[in-house]
Amino acid sequence: MPIDSFLYGFELFLNPLSIGLTLLGIIIGLLVGALPGLGPLMGIILLLPAAISLPPIPAMGFLIAIFVGGSCGGSISAILLRIPGTPLAAATLFDGYPMAQKGRASDAIGIAISASALGGLFGGIVLILAAPTLAKFASNFSPPEFTALAITGLIAIIVISEGSILKGMISGCFGLLIATIGTDEFSTGFRFTFGSHHMLNGFHIVAVVVGLFAVSEMAYQVMSRDLLKVPKIKIVRPGFNSVLLTIRHPLNLLRSSSIGAFFGALPGAGGVISSFTSYAVAKSLSKSEEAYGDGAEGGIVATEGANNATVGGTLVPTLALGIPGDASSAMLLGALLILGFLPGPTLFEGQPHIVSGIFISYLASNVMLLIAGILATPLFVYVLRIPKSYLLPIVLLLCSIGTFALQASVFDLFVMFSFGLVGIVFRSAGYPLAPIVIGIILGPLLENNLRRSLLISQDGFWIFWQRPVSATLLCLDLLLIVGAILFWYRKNRKTNSI
Amino acid sequence: MIIGKKQVETIAVVFLSMVVAVVFQQIYTSLAEQGISTGGPYDNAAAYPRGVAILMAFLLAIQVCVFCFADGSKKPAKLAKFSDLILPFSLLLIFAVYLGLLGHLGYHLTTPPMIISIMLLCGMRNLLAIVGSSVGISLTLAFLFERFLNVVLPGGIYRLNIPW
């Protein structure tokens with residue numbers, strides 16, 4: 001990436017609006033991360049309608065900061081309440097909670113925030129080095145390669161995502177079908193619009209995602225027995241000395257951040273796998289006196305360093321190829337599309353300053369996470385005391401105002417509600433929701449490139465096997481599916497034999 | 001009455017089968033009438049959704065087989081008692097009524113009652129706290145969205161909007 005584009009990106013970021021919104025994003029991210037049941041994805045979804053009315057760099061800075069803060073915030077409730085705010089922080093409680101029980105809650109939270117910020121900065125370096133290289137490699141891609149890439153992105157997420165692979169594939173197909181609603185780009189005919197002018201451009205992705213994730217989550221939350229419960233927790237105040245406690249584990253931090261960035265760059269893998277893997281690796285390489293599982297500082301460093309480095313890693317395929325690494329980065333990709341930018345090699349070639357602005361926003365988010373996270377911890381602890389009976393109506397209200405704000409359309413509100421019901425049915429029956437979102441995002445890319453490939457092909461579908469990159473990717477897809485089926489078969493046989 | 005995995009799975013399969021059926025119904029009616037259901041890759045807007053729908057129908061058929069035969073020997077898993085669903089059902093009902101009335105009565109008349117209803121549903125009984133916080137939450141969010149993001153919230157038939 002040319003240095004002048006990088007400097008221009010700096011210039012785009014260095015204004016009060018971008019800096020202020022990044023800081024706000026970090027605080028909101030930490031709040032939604034700390035509150036059990038919400039998390040970074042929910043934060044991005046709820047604030048996306050507000051972000052898309054902003055200029056591109058402040059908007060992306062805001063959303064990325066929520067992603068960064070949300071990936072770390074879960075550790076606060078994991079350490080203080082033994083309830084991880086997000087699945088990302090599940091491994092943090094192995095050592096974080098015992099450390100808090102020994103009267104070192106401030107240190108545990110300080111280490112979690114410091115390791116997250118430093119791991120995130122490592123992920124940022126990986127992002128800055130890897131994304132332009134990958135985009136340059138992909139700049140020679142033509143429709144067959146993009147078709148194969150979209151299929152790979154979809155299959156990788158389906159195979160690795162939670163639950164049954166078969167159900168994941170069905171969810172992915174459902175997402176692909178939802179993406180076909182509206183005006184066809186080629187023939188300009190109307191598909192599945194039922195004569196309604198509201199559906200000429202399909203369903204707004206934000207309305208669909210808010211319904212699927214937020215509305216369904218609130219319906220689940222209201223079933224919990226602790227709607228009025230106020231957790232009894234003391235206010236803790238970590239200090240900046242926790243940075244020193246963290247960098248006393250340099251190898252662990254570097255190794256965990258590398259694991260996080262690697263898993264982040266693989267579509268579908270995500271922060272949960274990376275934090276558990278890096279915890280297992282750190283534990284296996286630790287000295288016996290470190291006592292992992294009984295309040296070891298290294299345990300927190302490993303999990304938190306990894307899950308925030310994952311954010312940087314996950315942005316690599318999202319920005320360079322337009323293939324999201326997980327549901328949260330799919331929403332960032334969706335935001336970029338709504339803001340008028342097409343992620344992928346063309347973005348790196350045509351608007352490198354926007355890419356640089358995003359890189360700088362990401363790095364700044366991690367620096368702000370360190371400062372704001374440590375200074376504002378008492379606020380997050382205070383928020384943990386708010387009962388769910390207050391949070392439920394606030395989230396539902398944010399869902400409605402945010403969705404209405406998209407196009408000032410009441411129709412979008414009904415779309416959101418309907419997809420909320422779909423989300424409840426899918427979750428109850430064990431169908432994962434993330435493949436639906438990925439299907440909606442990748443659907444147009446897949447269909448348009450598939451039809452373009454067939455238009456330029458002399459031999460129909462053979463074009464995908466005649467080109468080395470697309471053939472390799474399709475072979476990889478077949479391997480992934482076969483591997484997943486074998487894994488499922490073995491797992492089922494094992495379960496039945498017990 | 002107990003809601004089991006079987007019932008929920010059946011609802012999901014029926015819903016997804018209906019989606020597949022609608023895709024084919026539209027291809028043979030609306031898309032055929034527009035002349036975009038046949039031809040080459042440029043003109044044929046039906047080929048791709050048809051392909052996805054066929055794949056989805058195939059996967060659904062496998063899922064039905066897996067569900068019917070794989071777990072046959074096991075006792076079906078229970079998800080929730082019917083009485084446990086009263087709260088989420090009521091929440092969705094309140095939310096649906098709110099969304100239905102939002103366009104007609106406007107944001108400021110519908111939002112505080114919606115928040116009050118949900119808080120009562122959650123078990124809060126301190127009326128002063130409920131009313132105070134519902135009005136506070138409603139006005140704060142309206143201010144943030146209208147003042148900073150230039151969103152004009154629904155004013156309804158009475159055109160109730162606060163000029164912040």
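Please read all numbers here as calculations on a predicted model, not as lab measurements. Convention: sequence-line order gives letters A, B, ...; per-chain numbering from 1.
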Exercise. Quick one: of B/V151, B/L144, B/V23, who has the most non-hydrogen atom pairs under 4.5 Å with chain A?
Worked result: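 When all of B/V151, B/L144, B/V23 are compared, B/V23 has the most.
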Exercise. With respect to chain A, which residue among B/F89, B/Y42, B/F145, B/F15 yields the maximal number of heavy-atom pairs within a distance under 4.5 Å?
Worked result: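 When all of B/F89, B/Y42, B/F145, B/F15 are compared, B/Y42 has the most.
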Per-residue contact mode, [X] against chain A (heavy atom under 4.5 angstrom):
{"X": "B/N44", "answer": "backbone"}
{"X": "B/Q63", "answer": "both"}
{"X": "B/L153", "answer": "both"}
{"X": "B/L91", "answer": "side chain"}
{"X": "B/L85", "answer": "side chain"}
{"X": "B/F148", "answer": "neither"}
{"X": "B/I36", "answer": "side chain"}
{"X": "B/L92", "answer": "both"}
{"X": "B/V152", "answer": "backbone"}

Problem set entry | N/O donor-acceptor pair under 3.5 Å between B/Y48 side chain and B/P41 backbone |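 Between the backbone of B/P41 and the side chain of B/Y48 there is no qualifying donor-acceptor contact (under 3.5 Å).
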For this session: Please list, in residue-number order, every residue in residues 106-114 of chain B that has a heavy atom less than 4.5 Å from any heavy atom of chain A; write 'none' if there are none.
Result: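 At a heavy-atom separation under 4.5 Å, chain A is reached by B/Y107, B/T111, B/M114.
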